[in-house]
Amino acid sequence: MNAAILKARGTYFKVIDGDDRVLSVNLGKMIRQLAHCRADMVIHPYIKYHVRKKSGRVVRYDITKNDVVSFDKAAERLKEVEIHAATYRTSLLRKNRIRVRENCFYEDTEYNIFPIRFVNTVCAFNDPVYVYHIGTDTQSIHPKQAFRNRKMHSRVIGDCITYYEKYETELSQVKKDYIRHIITRRIRSQYMIYIKNQKSKAVMQELWQWDQALKERSAFFIRIPIRFRSACFEDGCTALIRLSECCICFMRAYVKQD
């Protein structure tokens, strides 16, 4: 991805993973639309396709086709424009030296966040272009793979927190909220990676250590999603079963499920 940004010759830049695919007819339509587009970011629906079940659903974004609007105006309705739905102006990525962590899974989170500081206008293409395949054991988001790669996931969260804290004063309030929402979702995911893999006391102890490191790292991001802390972590609780129960309680009480 980093190398392609430097070498790309087109006006717009889109990432397509090797294990996914595109709908050729709709891609052609979007390319023709891009010839007349001046927005910093183009958003389109994508299909989330379950390989084993052989079924899929269309993920759409609440933005009107062909209208070029300010990002701040659209952001509250977008929540998070994932890599499957995003097409950026190439010059925006290259000029601002957008780079993601290499040799690491979950770098798409950085790609969803880092360009936003420079995105002022967005427009939409209303037909699905990208087909995102899910439901395979080898995917990085599969619970077993996610647990195996949990430290990579943690590094990406750290990268995103660092980025947010570095540029917070340059962001509009809408962009702050947009980026905070994405980071908070990934923090939730990190807890769930551990909770779904309660294989040993060592695993739960690692979760406790990760939680403490997050607390030291960022007062803001530990304060927003983890209000149950005073009843568990801060009282010095090391009872690992209780820790797990508190995490599950937190998930049910304070995080909206997608």
Side-chain angles (χ1 to χ4, degrees), residues 1-37 39-66 74 78-94 98-116 119 122-149 152-153 156 182 185-186 189 193 258:
M1 196 185 303
N2 291 335
I5 290 172
L6 298 177
K7 292 183 176 295
R9 292 178 293 176
T11 304
Y12 283 92
F13 185 91
K14 180 159 190 63
V15 177
I16 302 171
D17 280 349
D19 56 352
D20 296 328
R21 58 190 174 92
V22 296
L23 301 176
S24 300
V25 173
N26 289 350
L27 178 61
K29 290 179 181 178
M30 189 179 77
I31 289 173
R32 289 190 288 274
Q33 178 181 323
L34 291 177
H36 307 285
C37 184
D40 295 326
M41 181 185 196
V42 178
I43 303 167
H44 60 78
Y46 70 92
I47 297 173
K48 184 177 285 189
Y49 182 79
H50 198 289
V51 176
R52 289 182 177 174
K53 296 179 181 178
K54 298 187 182 303
S55 63
R57 66 180 180 89
V58 179
V59 179
R60 295 189 179 276
Y61 294 83
D62 184 14
I63 180 171
T64 305
K65 179 182 178 181
N66 293 332
L78 296 175
K79 293 186 178 179
E80 176 181 1
V81 180
E82 297 175 285
I83 190 171
H84 327 297
T87 298
Y88 295 106
R89 181 173 288 277
T90 307
S91 59
L92 181 148
L93 299 176
R94 185 179 294 148
I98 301 300
R99 293 183 62 84
V100 298
R101 181 181 283 270
E102 298 188 358
N103 302 312
C104 183
F105 292 118
Y106 317 110
E107 82 292 341
D108 56 306
T109 297
E110 299 181 359
Y111 188 75
N112 296 348
I113 288 177
F114 292 175
I116 295 302
V119 172
V122 299
C123 72
F125 178 73
N126 278 10
D127 295 321
V129 173
Y130 196 104
V131 182
Y132 172 45
H133 289 171
I134 62 173
T136 63
D137 294 343
T138 58
Q139 272 190 308
S140 61
I141 62 169
H142 187 278
K144 291 182 179 178
Q145 298 295 336
F147 182 72
R148 183 177 296 127
N149 299 317
M152 291 187 183
H153 193 263
V156 168
I182 297 174
R185 289 182 67 184
R186 298 307 184 272
S189 295
I193 287 171
D258 293 332

| note | When rounded to the nearest 0.5 Å, the distance separating NZ of Lys79 from CG of Asp62 is 10.5 Å
| request: State, to 0.1 Å, how close Ser189 and His153 come at their nearest heavy-atom pair, and which atoms those are. | output: CB-CE1, 3.9 Å
| query | Where do Pro128 and Val58 come nearest, in terms of heavy atoms and distance? | reply | CG-CG1, 4.0 Å
| Are Arg21 and His133 close enough, and set up right, to give a side-chain contact (heavy atoms from CB on, under 4.5 Å), and what steps lead you there? | CA-CA 8 Å; Arg21 58 190 174 92; His133 289 171; 3.3 Å; yes
| message | To the closest 0.5 Å, what do you measure between CZ (Phe114) and CG (Leu93)? | response | 12.5 Å
| field | Heavy-atom donor-acceptor pair, Arg101 side chain to Met152 backbone, under 3.5 Å | value | no
| task | Look at the side chain of Arg60 and the backbone N and O of Asn126, then say whether any donor-acceptor pair between them is shorter than 3.5 Å. | result | yes
| task | Report yes or no: does Tyr88 contribute a side-chain atom to a donor-acceptor pair with the main-chain N or O of Val119 at less than 3.5 Å? | result | no
| task | Take His44 and Lys29 through the side-chain hydrogen bond (donor to acceptor under 3.5 Å, both in side chains) test and state the conclusion after the steps. | result | CA-CA 12 Å; His44 60 78; Lys29 290 179 181 178; over 6 Å; no
| remark: Rounded to the nearest 0.5 Å, the CZ atom of Arg32 sits from the CZ atom of Phe125 at a distance of 8.5 Å
| said: I'd like to know if Glu82 pairs up with Lys48 as an ion pair, taking the criterion as any Lys NZ or Arg NE/NH1/NH2 lying under 4.0 Å from an Asp or Glu carboxylate oxygen. | reply: no
| field | CG-OG1 distance between Leu34 and Thr11, expressed to the nearest 0.5 angstrom | value | 8.5 Å
| task | Apply the test side-chain contact (heavy atoms from CB on, under 4.5 Å) to residues Ile47 and Leu23: give CA-CA distance (whole Å), side-chain angles for both, the deciding distance (0.1 Å), then the verdict. | result | CA-CA 10 Å; Ile47 297 173; Leu23 301 176; 3.9 Å; yes
| request: Please report the closest heavy-atom contact between Tyr61 and Ala85, naming both atoms and the distance. | output: CE1-CB, 3.4 Å
| request: Would you give the length of the straight line joining atom CD1 of Ile5 to atom CG of Leu92, rounded to the nearest 0.5 angstrom? | output: 10.0 Å
| Got a donor-acceptor contact below 3.5 angstrom from the Asp40 side chain to the Arg89 backbone? | no
| said: List the residues meeting ring-ring contact (aromatic ring centres under 6.0 Å, His included) with His50, not counting sequence neighbours, and say none if there are none. | reply: none
| request: Mind checking the NE2-NZ spacing from His84 to Lys14? Nearest 0.5 Å is all I need. | output: 9.0 Å
| task | Mind checking side-chain contact (heavy atoms from CB on, under 4.5 Å) for Ala146 and listing every partner two or more places apart, or none if nothing turns up? | result | Tyr106, Ile193
| task | Output all residues satisfying side-chain contact (heavy atoms from CB on, under 4.5 Å) with Val22, sequence neighbours left out; order by chain, then residue number. | result | Ile16, Leu27
| Under 3.5 Å, is there a donor-acceptor pair between the side chain of Thr90 and the main chain of Gly10? | yes
| field | Flag side-chain contact, heavy atom, 4.5 Å: Thr109 against Ile182 | value | yes
| query | What is the minimum heavy-atom distance between Cys123 and Cys37, and which atoms define it? | reply | SG-SG, 3.1 Å
| request: Scan Tyr46, Tyr132, Tyr130, Tyr49 and name whichever one has a side chain to side chain donor-acceptor pair (under 3.5 Å) with Asp20. | output: Tyr130
| query | Can you check whether Ile113's main-chain N or O pairs, donor with acceptor, with Glu80's side chain at less than 3.5 Å? | reply | no
| Full working for side-chain contact (heavy atoms from CB on, under 4.5 Å) between Arg186 and Asn112 | CA-CA 12 Å; Arg186 298 307 184 272; Asn112 296 348; 3.9 Å; yes
| Note, Thr87 side chain near Val129 side chain (heavy atom, < 4.5 Å) | no
| Under a 4.5 Å cut-off applied to non-hydrogen side-chain atoms, are Glu107 and Glu102 in contact? | no
| Is the shortest heavy-atom distance from the side chain of Pro115 to the side chain of Met41 under 4.5 Å? | no
| message | In the structure I gave you, are the side-chain heavy atoms of Met30 and Asp127 within less than 4.5 Å of one another anywhere? | response | no
| said: Please find the pair of heavy atoms, one from Arg99 and one from Asn2, that lie closest to each other, and give the distance. | reply: CA-OD1, 3.3 Å
